[in-house]
S.K.: 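Submitted below is the structure of interest, expressed as structure tokens.
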There are 2 protein chains.
Amino acid sequence: MVFSTTTQYALKILAYMNEHKERLCSAKTLSEELDIPYKYLTKIMTKFTKNEMIESIQGRYGGFKLIDSKIITIYDILKLCDGDSAKACIIGKIECNEKKKCHYHDAWQKPRASIKKDFLDADLKSCGVKDS
Amino acid sequence: MVFSTTTQYALKILAYMNEHKERLCSAKTLSEELDIPYKYLTKIMTKFTKNEMIESIQGRYGGFKLIDSKIITIYDILKLCDGDSAKACIIGKIECNEKKKCHYHDAWQKPRASIKKDFLDADLKSCGVKDS
DNA sequence: TTCAAATACTACTTCTTAGTGGTAATTAAA
DNA sequence: TTTAATTACCACTAAGAAGTAGTATTTGAA
């Protein structure tokens, strides 16, 4: 189980944008600051924009920014980049449920539930913020 | 976050072998029963054998079997197929720890701990067995 | 209105994972 | 000792993810 390169990039990018939400972030800046290949990064940004996770402003002095009103969870990010992170069955069995369990069903339940719940709770804008 | 095809195959294979530990399982049988491409399966089996996760018996009437004395956890299987499933930092930051946390550190702790603990506890031979 | 700096788009290359093909080596039964 | 069914090995192809290249489009300032 691994988070793809794209997912890791995505998480880094959004965390950076969140830390600098007062200004636009250009692809050039993001690429340099986060050490992500420029062209690959722009691809990811376009994807985010199309999925309305962020807003893009074109033309000179343009860039990207988070949408104030929008809540983005870690789960949303993973889902967009890698697909559903907490699939019901670890071995992809269709008929795997509480009544008819695959061999690994019980062992997978806790990690899976934790991933789903904790990542759905983890709003990008607040998850790095200390409780006070 | 996704379990690779190889990992899913591996989990299926070992669960099947565990359910039939009284006899040898040939690659042909495993391939047919579990619907895994034969040639790809034999590659995985060789890998398992080399890592001493299972035992292989060559020649006619040969096949594969679990080693009675050997404990195999889900964690072992994931590690062999996909690498460490519970990396310390979700975005691969080297300096990410309790003192200096990355943006996602706290959100990742519970799922990560659950994966590590519950998968290390999940012995192949007993994880599908009901408590009695 | 021109221009430079930015995003958007299309297509390609490279690398890794998944899957295939052929053959050698092994082994127990007949 | 022959044979057939098995694992082991080597090399290839196919598909998908990661990364690159070039160009079109957009846009605000000079």
Side-chain angles (χ1 to χ4, degrees), chain A residues 1-13 17 20 23-67 77-83 85 91-92, chain B residues 1-13 17 20 23-67 77-83 85 91-92:
Chain A
M1 189 210 72
V2 164
F3 297 95
S4 69
T5 304
T6 303
T7 297
Q8 289 186 243
Y9 287 168
L11 290 169
K12 278 192 205 178
I13 291 165
M17 288 175 71
H20 299 84
R23 64 170 169 82
L24 285 183
C25 297
S26 72
K28 185 162 178 287
T29 303
L30 291 168
S31 164
E32 288 168 355
E33 290 293 318
L34 302 173
D35 197 33
I36 298 171
Y38 174 79
K39 284 286 188 175
Y40 197 69
L41 182 138
T42 60
K43 244 188 199 172
I44 297 173
M45 299 316 281
T46 301
K47 193 175 178 182
F48 284 167
T49 304
K50 283 191 172 167
N51 279 273
E52 293 176 323
M53 249 188 202
I54 60 175
E55 193 179 336
S56 82
I57 291 164
Q58 290 191 34
R60 194 169 186 175
Y61 309 107
F64 302 92
K65 65 173 184 179
L66 296 176
I67 301 165
I77 303 168
L78 299 194
K79 197 161 190 175
L80 181 58
C81 297
D82 268 351
S85 296
I91 55 174
Chain B
M1 191 210 71
V2 165
F3 297 94
S4 70
T5 304
T6 303
T7 296
Q8 289 186 242
Y9 286 169
L11 290 168
K12 277 192 205 178
I13 292 164
M17 288 174 71
H20 298 84
R23 63 169 169 82
L24 285 182
C25 297
S26 72
K28 184 162 178 287
T29 303
L30 291 168
S31 164
E32 288 168 354
E33 291 293 317
L34 302 173
D35 198 32
I36 298 171
Y38 175 79
K39 283 287 187 174
Y40 197 69
L41 182 138
T42 60
K43 245 189 198 168
I44 297 174
M45 299 314 282
T46 301
K47 191 175 180 183
F48 284 166
T49 304
K50 283 193 173 167
N51 279 275
E52 294 175 323
M53 251 190 202
I54 60 174
E55 194 179 335
S56 80
I57 291 165
Q58 289 189 34
R60 194 169 186 178
Y61 309 107
F64 302 93
K65 66 172 183 179
L66 296 176
I67 301 166
I77 302 168
L78 299 194
K79 196 162 192 175
L80 180 58
C81 296
D82 268 350
S85 296
I91 56 175

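Any value given below was found using the heavy atoms of this structure, including those in side chains, with hydrogens, waters and symmetry copies removed. A note on names: the letters A, B, ... follow the listed sequences, proteins ahead of strands, and every chain is numbered from 1. As the structure is a prediction and not an experimental result, all values here were calculated from the model.
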S.K.: Going by atom types only, do A:Ser4 and A:Thr7 share a side-chain donor-acceptor pair under 3.5 Å?
M.R.: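 The criterion, which ignores hydrogens and geometry beyond distance, is satisfied for A:Thr7 and A:Ser4.
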S.K.: Using a cut-off of less than 4.0 Å, is there contact between a side-chain N or O of A:Lys50 and OP1 or OP2 of C:dC9?
M.R.: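 Answer yes for this pair, as a side-chain N or O of A:Lys50 is under 4.0 Å from OP1 or OP2.
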S.K.: Could you check how far CZ of B:Arg60 sits from C1' of C:dT26, rounded to whole Å?
M.R.: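 From B:Arg60 CZ to C:dT26 C1': 13 Å.
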S.K.: Any side-chain N or O of B:Thr46 below 4.0 angstrom from OP1/OP2 of D:dA8?
M.R.: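 The answer is yes; a side-chain N or O of B:Thr46 sits under 4.0 Å from OP1 or OP2.
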S.K.: Rounded to the nearest Å, what distance is computed from the NZ atom of residue A:Lys28 to the C1' atom of nucleotide C:dA4?
M.R.: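 That distance rounds to 13 Å.
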S.K.: Are OP1 or OP2 of C:dA8 and a side-chain N or O of A:Thr42 less than 4.0 angstrom apart?
M.R.: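 False: A:Thr42 side-chain N/O out of range (4.0 Å or more) of C:dA8 OP1/OP2.
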S.K.: Does a side-chain heavy-atom distance below 4.5 Å link B:Leu78 with B:Phe3?
M.R.: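 SC-SC contact between B:Leu78 and B:Phe3 confirmed.
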S.K.: Between B:Tyr40 and B:Thr6, do the side chains contain a donor N or O and an acceptor N or O under 3.5 Å apart?
M.R.: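 Side chains of B:Thr6 and B:Tyr40: pair found under 3.5 Å.
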S.K.: B:Ser26 and B:Tyr61: side-chain donor and acceptor closer than 3.5 Å?
M.R.: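 Looking only at side-chain atoms, B:Tyr61 and B:Ser26 do not form any donor-acceptor pair under 3.5 Å.
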S.K.: Take the protein atom NZ of A:Lys65 and the nucleotide atom C1' of C:dT7, then report the distance between them rounded to whole Å.
M.R.: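 Taking atom C1' of C:dT7 as the reference, NZ of A:Lys65 is at 15 Å.
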S.K.: Check the pair A:Ile13 / A:Leu34 against side-chain contact (heavy atoms from CB on, under 4.5 Å), numbers first and verdict last.
M.R.: CA-CA 7 Å; A:Ile13 291 165; A:Leu34 302 173; 4.0 Å; yes
S.K.: Taking for each residue the nucleotide of DNA chain C with the nearest heavy atom, is it A:Gly59 or A:Lys43 whose nucleotide lies nearer the 5' end?
M.R.: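 Taking each residue's closest nucleotide, the earlier one in sequence belongs to A:Gly59.
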S.K.: Which comes earlier along DNA chain D counting from the 5' end, the contact point of B:Ser56 or that of A:Tyr40, where each point is its nearest nucleotide?
M.R.: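 First, find each residue's nearest nucleotide; the 5'-ward one identifies B:Ser56.
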S.K.: Nearest whole angstrom, please: distance from the P of C:dT27 to the CD of B:Glu55.
M.R.: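 B:Glu55 atom CD is separated from C:dT27 atom P by 12 Å.
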S.K.: How close or far is atom C1' of D:dG19 from atom CD1 of A:Ile44, stated in whole angstroms?
M.R.: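 So the CD1-C1' distance, A:Ile44 to D:dG19, works out to 10 Å.
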S.K.: Give the rounded distance in Å between these two atoms: NZ of B:Lys47 and C1' of D:dT7.
M.R.: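 Taking atom C1' of D:dT7 as the reference, NZ of B:Lys47 is at 18 Å.
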S.K.: Out of C:dA8, C:dG19, C:dA6, which nucleotide sits closest to the side chain of A:Ser26?
M.R.: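 Side chain of A:Ser26 sits closest to C:dA6.
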S.K.: Could you check how far OH of B:Tyr61 sits from P of D:dT3, rounded to whole Å?
M.R.: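 Nearest whole value for this atom pair: 15 Å.
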S.K.: Mapping A:Ile57 and B:Phe64 to their closest nucleotides on DNA chain D, which lands nearer the 5' end?
M.R.: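 Whichever sits nearer the 5' end wins; that is B:Phe64.
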S.K.: If you assign A:Tyr38 and B:Gln58 each to the DNA chain C nucleotide with the nearest heavy atom, which residue ends up on the more 5' nucleotide?
M.R.: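 Closest to the 5' end, via its nearest nucleotide, is A:Tyr38.
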S.K.: Tell me: CD of B:Glu32 to C1' of D:dT6, nearest whole Å?
M.R.: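 To the nearest whole Å, that distance equals 14 Å.
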